[in-house]
Amino acid sequence: MIRFYEEPAALVVRFHNETLRIEGWGEDSLRVRSTILPRIPENAHALTETVSHTATVSIDGQHAEIVNGDIRATVNEVGVICFYKKDAAEWKLILQEYYSFYGGSIRKESICFKILSREYQGLASDSFRLSVRFESDPEEKLFGMGQYQQPFLNIKGCVLPLEQRNSQVSVPFLVSDKGYGMLWNNPATGEVSFANNITKWIADETDEMDYWITVGATPKQLVENYTACVGRAPVMQDDYLGLWQCKLRYRTPEEVLEVARKYKELGIKLDVIVIDFFHWPLQGDWRFDPTYWPEDKVRAMVEELHSYGTKVMISVWPSVDKGSENFYEMYEKGYLSRTELGSEQTYDYQGDCGTVDYFNPEAQQYVWEKCKKNYRELGIDLFWLDNCEPDQVKYDFNNVRYQTGRGSKVVNEYPKKCAEAFYNGLTEAGDDTFVNLIRSNWVGGQKYRTLLWTGDVQSNFESFKDQVIAGQNVGLAGIPWWTTDIGGFMTEDVNDPAFVELLIRWYQFGVFCPILRMHGDRGPFTIPPLDDRTFGGGYLHTGQPNELWSYGDEAYRIMKKYLDVRLSMKEYIAGLMKDAAETGSPLIRTMFYEFPEDKQCWELPEQYMFGPDYLVAPILTAGATERTLYLPRGKWKNMENGDIVEGGAFVTVPAPLDVIPVFQKCK
């Protein structure tokens with residue numbers, strides 16, 4: 001027999017050997033947890049912020065309900081949960097668990113399936129493989145979930161791995177067009193299927209089920225409720241809103257300064273210039289290689305760059321070569337992750353490496369102290385937390401163990417723990433203005449001043465389109481600071497006119513992103529190495545030049561034109577950064593985020609709003625010279641020619657190579 005109990009702002013249910021707890025957690029929101037352990041573990045995971053915990057509970061025999069504002073959950077005689085949203089004076093069903101077991105089930109027509117809503121399967125450890133099932137509405141539209149390399153803005157019908165990989169970032173919060181948002185509050189690896197017949201969440205290894213659900217009148221309200229519980233990005237300073245310059249890779253201080261001086265000569269201020277990987281002797285040394293980066297020249301370089309108003313960012317990896325000066329100390333102190341079986345090597349790019357265990361606070365402090373001494377004290381401003389998924393020899397999550405558990409149980413939170421180490425170090429040093437670039441993230445990582453970028457993506461129009469989609473969905477997942485490698489990361493021939501066209505189109509899009517950043521590994525790889533060493537700075541190539549002037553006069557003219565547009569919008573962009581800090585709203589917004597009542601706006605993956613005022617329609621096809629886009633009702637001003645256009649319809653506008661269609665909403 002099912003048993004119901006009321007606790008302060010919470011409904012507790014016991015049935016068979018499961019304990020279920022539903023409680024008020026923030027505005028119009030509920031947190032739902034269960035376990036078959038003796039008690040529910042007290043893990044906050046992503047729900048770290050202080051919010052109100054209010055709700056009213058009613059128990060009536062074999063049924064119970066809990067209400068928090070405009071959300072209501074009911075539990076029936078077999079423990080099945082249904083969720084309702086208040087719509088005027090009525091409660092409207094928005095989501096319910098899938099259950100088919102016996103005559104008291106919801107799906108009585110299929111009682112022989114013997115499928116439970118919440119299914120725990122024991123593992124060799126004391127944890128479980130968990131499956132949680134919900135009924136599916138084939139007409140529902142779903143968005144968010146982080147950054148996936150796919151052309152689908154609406155993820156209904158998609159199967160998404162809950163794993164961090166290079167260019168794939170799992171941030172498991174979704175927004176439904178039915179007026180609710182849901183967070184899968186579990187850092188375990190797994191999978192979610194948003195199929196037409198069923199929705200199924202899987203955690204590969206866990207102690208509990210833990211999810212959070214909210215309702216709101218608009219997508220904007222859902223994101224605000226969500227970020228109030230998991231944290232928001234602080235305000236980003238104006239100093240970062242112009243041009244960032246990077247390539248793979250500047251090999252010496254002289255190469256960095258040559259670029260910076262050229263920009264100064266052209267009258268272009270660089271906000272940030274980036275020094276990429278293998279400036280170090282070995283991975284895990286976390287210092288400059290004195291052969292190529294002698295300390296006196298580094299100090300002089302930084303001083304000169306600062307005189308131009310340019311901040312300096314340095315790449316930091318979590319990999320530690322067995323030949324590194326720090327490896328054995330870290331190994332002996334337990335600061336590295338370890339494997340369950342086989343070789344202890346977890347990373348093999350240019351070395352035999354282990355990986356920092358950022359779940360260990362002592363390891364966090366150790367790495368920061370090295371970076372503080374060897375970079376920060378030389379004047380380096382910012383850190384690029386690359387490879388922080390973490391990248392591995394093989395993404396064999398259940399073979400790697402961290403301080404808090406096996407990878408399959410905790411690893412999705414790894415990039416957030418990496419960011420935490422540098423956030424704590426820089427904050428304790430009194431810096432509250434920094435931005436750290438990061439290749440992965442998890443729920444709430446935005447509060448650690450992290451700028452997510454899309455990783456090592458291909459240089460083609462198909463990949464470009466995927467990034468436009470990813471920017472919209474990752475914003476809905478609560479991460480407003482986001483950017484891409486303009487032109488994609490991997491290019492075979494910078495002299496190919498087709499690539500130059502792609503670069504220009506991607507750059508135009510980048511102007512209307514939170515951060516404008518040039519980066520890439522540019523071929524052909526014909527620049528000779530600095531020496532013939534088999535390791536370190538001379539071994540790895542430097543790609544072709546990747547500065548604004550590197551692609552010919554016409555490309556430079558177009559990119560300079562749009563850099564001027566970007567700089568003219570700095571006050572507006574700064575306002576968007578403030579809004580992100582106050583409400584969680586992203587800078588790149590789906591059309592329906594600003595126009596939720598317009599049904600057409602839920603069907604427009606290839607255009608977006610940059611804040612509330614600018615509609616952006618990137619050119620996503622090679623050779624295109626015009627673009628069809630949809631303008632919501634109202635009057636819109638064409639940024640290129642100043643024409644005023646009446647909305648509420650699709651329009652086709654010219655888009656020669658030097659134009660990206662952008663319309664400003666008229667007040």
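Since we're looking at a predicted model, the values are computed, not measured.
Both tests hold for R517 against W384: distance to the six-membered ring centre under 6.0 Å, angle to the ring axis within 45°. The side-chain tip of R14 points at the ring of Y5 from less than 6.0 angstrom away and within 45° of straight on.
The side-chain contact (heavy atoms from CB on, under 4.5 Å) test applied to R133 returns Y98, I115, E119, S131, I198, K200, not counting sequence neighbours. For F128, the ring pair (Phe, Tyr, Trp, His ring centres under 6.0 Å) partners two or more places apart in sequence, or in a different chain, are Y120. Residues passing the salt bridge (charged side-chain N to carboxylate O under 4.0 Å, His left out) test with K92, sequence neighbours excluded: none. Remark: Y402 pairs with F359, Y414 by the ring pair (Phe, Tyr, Trp, His ring centres under 6.0 Å) rule, at least two apart or across chains. Under the side-chain hydrogen bond (donor to acceptor under 3.5 Å, both in side chains) criterion, T484 pairs with W506, not counting sequence neighbours. F489 is linked by a ring pair (Phe, Tyr, Trp, His ring centres under 6.0 Å) to H519, counting only residues two or more places apart in sequence or in another chain. D357 meets the side-chain hydrogen bond (donor to acceptor under 3.5 Å, both in side chains) test with no other residue; sequence neighbours excluded. Considering only residues two or more places apart in sequence or on other chains, Y211 meets the side-chain hydrogen bond (donor to acceptor under 3.5 Å, both in side chains) condition with none of them. Y448 pairs by the side-chain hydrogen bond (donor to acceptor under 3.5 Å, both in side chains) definition with E420, not counting sequence neighbours.
Under the 6.0 Å cut-off for aromatic ring centres, W201 and F194 qualify, their centroids lying closer than that.
Judged as a salt bridge (Lys or Arg N to Asp or Glu O under 4.0 Å), not a single pair has a partner in residues 145-159 (not counting sequence neighbours). Contacts classified as salt bridge (Lys or Arg N to Asp or Glu O under 4.0 Å) and involving residues 35-56 (residues at least two apart or in different chains) are given here: R33-E42, E49-K447.
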Which donor-acceptor pairs under 3.5 Å do side chains of residues 165-173 form with protein atoms, sequence neighbours excluded?
{"residue": "R165", "atom": "NE", "partner": "E163", "partner atom": "OE1", "Å": "2.9"}
{"residue": "R165", "atom": "NH2", "partner": "E163", "partner atom": "OE1", "Å": "3.0"}
{"residue": "N166", "atom": "OD1", "partner": "D456", "partner atom": "N", "Å": "3.2"}
{"residue": "N166", "atom": "ND2", "partner": "D456", "partner atom": "OD2", "Å": "3.1"}
{"residue": "Q168", "atom": "NE2", "partner": "E163", "partner atom": "O", "Å": "2.8"}

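Between the side chain of S136 and the main chain of A195, a donor-acceptor pair closer than 3.5 Å is present.
Side-chain atoms of N399 and T339 include no donor-acceptor pair closer than 3.5 Å.
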